[in-house]
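Worth saying up front: this structure is predicted, and the values here are computed from it rather than measured. Below, chain A is the first sequence line, B the second, and so on; all start at residue 1.
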There are 2 protein chains.
Amino acid sequence: MGETGTAPVRESGSPFDVFSRQCPSRVTLEHVTGRWGSLTLGALYESGARFNELRRRVDGVSEKMLSQTLHALERDGLVHRDARLTNPPRVDYALTPLGREVASRLMGLIQLVEGRMPEVVEARDRYDAAHRT
Amino acid sequence: MGETGTAPVRESGSPFDVFSRQCPSRVTLEHVTGRWGSLTLGALYESGARFNELRRRVDGVSEKMLSQTLHALERDGLVHRDARLTNPPRVDYALTPLGREVASRLMGLIQLVEGRMPEVVEARDRYDAAHRT
DNA sequence: CGGCATCCGGACTGATACTG
DNA sequence: CAGTATCAGTCCGGATGCCG
């Protein structure tokens with residue numbers, strides 16, 4: 001390959017470098033960080049819950065999106081689904097140990113963003129003021 | 001209000017609860033965790049860079065999306081843009097102190113996901129095997 | 001080099017309706 | 001309660017072309 005210093009190796013030597021296209025880890029990262037994925041993991045970090053309880057925690061999510069999100073997270077091994085075929089049916093969702101680790105880091109990020117929102121809002125105002133013609 | 005334990009207060013008492021619809025922090029969180037936002041912050045965490053250098057680091061991003069992403073992050077005060085009106089033009093992007101904090105947590109998440117991909121892949125195989133009719 | 005404006009197909013989203 | 005199915009609307013995102 002080019003020896004002109006183009007090497008994009010980054011610090012990674014990982015076989016699962018998210019920065020590369022077509023790497024399976026990028027898909028998982030998108031499940032985790034996606035619009036509803038992050039909020040769903042955050043909601044479950046609090047405690048396990050049933051479907052409609054989760055819907056209430058994640059304000060604004062539709063049935064379809066929540067269902068879809070939970071399936072993706074379950075498939076990735078981050079969420080455990082426990083279904084009782086009783087009447088009425090009861091399905092409990094909870095984080096797996098791996099899911100808990102991921103959610104923990106995610107919560108760290110979420111809380112940082114929440115806590116620094118005043119700075120963000122201020123930055124936005126400055127930006128908007130500067131970019132008005 | 002209801003004293004039946006419905007209080008959805010969560011651990012948050014924050015005025016910027018991402019779990020609530022219409023909260024500005026949710027928008028910022030989406031910029032940060034979005035498909036290209038997370039990878040862009042990750043790329044900049046390594047070091048500041050020029051536009052096309054960033055394009056190379058974030059494999060697969062289009063010019064348009066990178067530009068759009070950088071604007072959003074700049075507006076949120078996470079990225080600093082330094083433009084020299086020379087010829088040829090030169091524009092350097094770098095993280096702000098706040099951006100660096102956010103990117104740091106993000107990298108923690110990214111590295112966790114990358115490192116645990118074997119488990120994820122395994123979980124997927126199990127899921128797919130169990131859900132084939 | 002570092003962008004922005006436009007176009008356009010397809011992916012994604014969200015009501016609604018229906019099932020077990 | 002816990003979903004799936006369907007369908008219409010939105011918007012994402014890439015390609016192209018032009019400008020400073």
Side-chain angles (χ1 to χ4, degrees), chain A residues 4-6 21-22 26-40 43-44 48-75 79-94 127-128 130-133, chain B residues 6 21-22 26-27 29-40 43-44 48-75 79-94 127 130-133:
Chain A
T4 44
T6 56
R21 243 186 309 211
Q22 306 165 332
R26 189 180 278 193
V27 175
T28 298
L29 186 67
E30 276 163 25
H31 291 161
V32 170
T33 63
R35 184 168 183 202
W36 301 120
S38 57
L39 296 175
T40 301
L44 282 173
R50 300 173 62 177
F51 189 82
N52 281 317
E53 167 63 18
L54 279 177
R55 263 196 88 181
R56 263 169 265 125
R57 289 191 197 172
V58 181
D59 192 23
V61 70
S62 69
E63 258 176 52
K64 179 182 162 185
M65 283 303 103
L66 181 58
S67 174
Q68 192 172 302
T69 301
L70 285 168
H71 279 307
L73 295 175
E74 187 195 358
R75 190 168 103 98
V79 163
H80 176 71
R81 183 173 182 278
D82 180 22
R84 316 278 172 88
L85 296 165
T86 59
N87 193 333
R90 178 191 177 93
V91 182
D92 284 273
Y93 291 93
Y127 183 94
D128 291 343
H131 288 251
R132 302 203 62 216
T133 318
Chain B
T6 57
R21 243 187 307 211
Q22 307 164 331
R26 190 180 276 193
V27 175
L29 186 66
E30 277 164 23
H31 291 160
V32 170
T33 63
R35 185 171 182 197
W36 301 119
S38 58
L39 296 176
T40 301
L44 282 172
R50 299 174 62 176
F51 190 83
N52 282 317
E53 167 63 16
L54 280 177
R55 266 196 85 181
R56 262 170 266 127
R57 289 189 196 173
V58 182
D59 192 24
V61 70
S62 71
E63 195 181 270
K64 178 183 167 181
M65 285 303 105
L66 181 57
S67 175
Q68 191 172 302
T69 300
L70 285 168
H71 278 306
L73 294 176
E74 186 195 357
R75 191 169 101 97
V79 163
H80 175 71
R81 182 173 183 276
D82 180 22
R84 316 280 172 87
L85 297 164
T86 59
N87 193 335
R90 180 192 176 93
V91 183
D92 285 273
Y93 292 93
Y127 183 95
H131 288 252
R132 302 208 61 216
T133 320

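Phosphate contact (OP1/OP2 of D:dT4, side-chain N/O of A:His71, threshold under 4.0 Å): present. Taking 4.0 angstrom as the limit, B:Tyr93 places a side-chain polar atom (N or O) nearer than this to OP1 or OP2 of C:dG3. Taking only side-chain nitrogens and oxygens, A:Arg90 never comes nearer than 4.0 Å to OP1 or OP2 of D:dA2. Considering only side-chain N and O atoms, B:Ser67 lies under 4.0 angstrom from the phosphate OP1 or OP2 of C:dC4.
Looking at heavy-atom distances under 4.0 Å, A:Arg81 makes contact with sugar-phosphate atoms alone, never a base.
One can place CG of B:Leu85 at 9 Å from C1' of D:dG20, the figure rounded to the nearest angstrom. We find that CZ of A:Arg56 is positioned 9 Å from P of D:dA2, with the value rounded to whole Å.
Annotation: the span from B:Tyr93 atom OH to B:Leu70 atom CG amounts to 5.0 Å, rounded to 0.5 Å. For the atom pair A:Met65 CE and A:Arg35 CZ, the distance stands at 9.5 Å (nearest 0.5 Å).
For residues 64-74 of chain B, the side chain to side chain donor-acceptor pair (under 3.5 Å) pairs, not counting sequence neighbours, are A:Tyr127-B:His71.
Contacts of A:Thr28 classified as side-chain hydrogen bond (donor to acceptor under 3.5 Å, both in side chains), with partners at least two apart in sequence or in another chain: B:Arg124.
With respect to the salt-bridge test (charged N to carboxylate O, under 4.0 angstrom), the residues B:Glu30 and B:Arg26 do not qualify.
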- [ ] At under 4.0 Å between heavy atoms, which parts of nucleotides 6-20 of chain C does protein reach? Answer with one letter per nucleotide, 5' to 3': B base, S sugar-phosphate only, - none.
- [x] -B-----BBB----B
